[in-house]
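Reading through the structure tokens given below for one structure.
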Amino acid sequence: MLAGERNLMAVTVYIPTPFRRFAGNQTYVKAEGNTVGDVLDSLGSAYPALRQMIYDDTDEIPGHINVYINSQEIHSLQGKATLVNDGDEMAVIPAIAGGQVLTPEQVNRYSRHIIMPQVGPAGQRKLMEGKVLIVGAGGLGGPAALYLALAGVGTIGIVDFDIVDLSNLQRQVLHQNDDVGRKKTESAKETLLSYNPDVNVIIHNTPITSDNAMEILPQYDMVVNGADNFTTRYLVNDACYFAGKTLVDGSILLFDGQATVFVPGNGCYRCLFPAPPPPGLVPNCAEAGVLGALTGVMGSIQAIEVIKQVLGIGESLVSRLLLFDALSMDFRIVKLRRDPKCPLCGDDATITELIDYEGFCGAPFPGGHDGAEGGTDGN
Amino acid sequence: MTALREGPMAIEVKVTANFAKLIGGERSAKAQGSTIGEVLDDLEQRHPGFKQNVVADGRIHRFVNVYLNDEDVRFLQQLDTPLSEGDVVSVLPALAGG
């Protein structure tokens with residue numbers, strides 16, 4: 001062996017999901033060489049289809065591919081001439097349109113989404129740029145927020161004023177035994193960050209009202225409704241319409257769930273139910289009960305609808321109302337139409353700003369009393 | 001057989017769990033009638049007190065939707081909406097739980 005020559009170094013190369021099918025569906029492959037360039041060459045010889053992804057026509061690494069050696073991008077080192085050592089870990093990561101890059105950890109964390117062509121790296125980037133407001137950290141808001149956080153939705157806002165009660169724990173997955181007595185927003189934030197520290201969780205520890213709705217909503221792209229009372233539901237509906245935000249709606253009682261998506265101009269909650277029932281006529285979950293696992297089904301459906309909207313895939317529940325009856329395990333869809341006579345979004349709208357929802361619903365505004373039966377959250 | 005066919009149709013009416021107690025505890029009931037209004041009247045005969053939860057002063061409550069199959073009868077002919085053999089009518093009150 002000549003002076004200055006080294007034995008070939010054995011390097012582990014991490015293959016992200018978009019490239020995995022070009023490398024025998026392996027997550028890690030072994031390759032040898034003295035430099036990054038050598039390793040890429042040996043990789044390309046072993047997997048010719050992968051070579052076409054990591055080299056352009058002039059045998060250079062294309063601009064949208066980043067190569068990392070032990071988590072350092074090689075442009076900050078010596079490029080392809082960077083020396084490698086035994087046991088180094090290399091990663092070959094495709095950049096995303098717009099110049100943003102997913103880190104190897106993100107590629108790994110979200111790999112089961114990214115591997116699907118309907119998502120891919122670009123879709124994952126869209127999710128990471130998404131900003132979603134959850135109204136109510138309760139039965140519906142909990143699983144919705146949880147799955148959105150797991151999916152890497154970049155900003156999740158939570159508005160709730162309530163305190164975790166022992167009776168919430170039968171269904172509200174964001175809160176645990178030790179959280180009883182804590183603010184729901186704080187408990188929710190801690191849970192979401194423990195699942196995915198990548199997510200920016202913003203808490204609004206207040207009831208949502210006519211006074212603050214138009215300050216809170218515009219900070220987000222989309223709203224998930226997990227409110228537990230009609231007063232908040234009509235308020236959130238009207239505020240979403242005025243702010244031009246898509247509202248992913250869900251509601252539950254006993255064994256029944258309803259879900260739909262309101263896109264401004266395509267019908268709203270008032271088109272579906274023009275007026276609330278008189279106070280006391282339709283019981284709430286505290287009075288009548290609700291199956292805990294039902295909230296998981298409906299909240300997950302709301303998370304799915306958000307993800308579909310963000311990715312622009314599939315057929316959303318816009319103009320359709322999904323009805324789930326857990327007792328018969330029957331899912332049905334009925335039509336939902338924009339009502340030309342709707343006072344909010346109809347042809348001759350009479351509601352042009354947020355109103356007095358307490359007066360409209362004939363019920364005290366949640367937060368205006370002890371919240372025992374009017375939380376934002378599914379009490 | 002002809003006489004039977006010309007008689008009032010038996011229509012399936014589905015309700016949500018919180019309305020089940022109004023029709024004897026079941027999630028659906030058979031009722032007869034050739035319009036939505038007639039079917040609701042027939043249910044009222046069988047289960048007195050049911051109808052006031054759906055209709056007041058001849059109009060469907062604004063917090064309750066009645067569907068003929070998958071269509072809201074508010075966009076058809078309301079209580080006068082005609083029914084055909086095999087139709088399913090659903091009575092769906094707004095739910096507020098979250």
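Just so we're on the same page: letters track the sequence lines, and every chain starts at 1.
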- [ ] List the steps, then state whether salt bridge (charged side-chain N to carboxylate O under 4.0 Å, His left out) holds for K14(B) with D330(A).
- [x] CA-CA 12 Å; K14(B) 292 187 174 185; D330(A) 184 27; 3.5 Å; yes
Open item on the list: Ignoring hydrogens, what is the shortest heavy-atom contact between C285(A) and G98(B)? Give both atom names and the distance.
Closed with: SG-N, 4.5 Å
Open item on the list: Using 0.5 Å steps for rounding, measure from the CG atom of L321(A) to the CG atom of L92(B).
Closed with: 6.5 Å
Task: Heavy atoms from other residues, nucleotides or ligands near NZ of K21(B) exceed 12 (cutoff 6.0 Å) - done: yes
Open item on the list: Heavy-atom count check: over 12 atoms from other residues, nucleotides or ligands less than 6.0 Å from D348(A) CG?
Closed with: no
Open item on the list: Has N65(B) got a side-chain atom pairing as donor or acceptor with L272(A)'s backbone, closer than 3.5 angstrom?
Closed with: yes
Task: Main-chain N/O of D70(B) paired with R332(A) side-chain donor or acceptor, under 3.5 Å - done: no
Open item on the list: Using every non-hydrogen atom in the two residues, find where Y269(A) and L95(B) come nearest and quote the distance to one decimal.
Closed with: OH-O, 4.1 Å
TODO: With a 4.5 angstrom heavy-atom cut-off, could you sort out which part of D339(A) is near chain B: side chain, backbone, both or neither?
DONE: both
Open item on the list: For chain B, which candidate among T295(A), N225(A), D256(A) shows the most heavy-atom pairs at distances under 4.5 Å?
Closed with: D256(A)
- [ ] Identify which part of I252(A) has an atom lying under 4.5 Å from any heavy atom of chain B, answering side chain, backbone, both or neither.
- [x] both
- [ ] May I ask you to decide if G97(B)'s main-chain N or O and N284(A)'s side chain share a donor-acceptor pair within less than 3.5 Å?
- [x] no
Task: Flag if over 12 foreign heavy atoms under 6.0 Å of CZ, F63(B) - done: yes
TODO: Would you check if F255(A) and T16(B) make a side-chain contact, meaning some heavy-atom pair closer than 4.5 Å?
DONE: no
Open item on the list: Closer than 3.5 angstrom, by distance alone: can the side chain of R62(B) be matched with the main-chain N or O of P276(A) as a donor-acceptor pair?
Closed with: no
- [ ] Against chain B, label A288(A) side chain, backbone, both or neither, depending on which of its atoms sit under 4.5 Å from a heavy atom there.
- [x] neither
TODO: Kindly compute the distance separating CZ (F75(B)) from SG (C271(A)), expressed to the nearest 0.5 Å.
DONE: 6.5 Å
Task: Contact check, side chains of F273(A) and P93(B), non-hydrogen atoms, under 4.5 Å - done: no
Task: Expected output: side-chain R337(A) to main-chain E71(B) donor-acceptor under 3.5 Å - done: no
TODO: Measure the spacing between CZ of R27(B) and CG of D325(A) and express it to the nearest 0.5 Å.
DONE: 3.5 Å
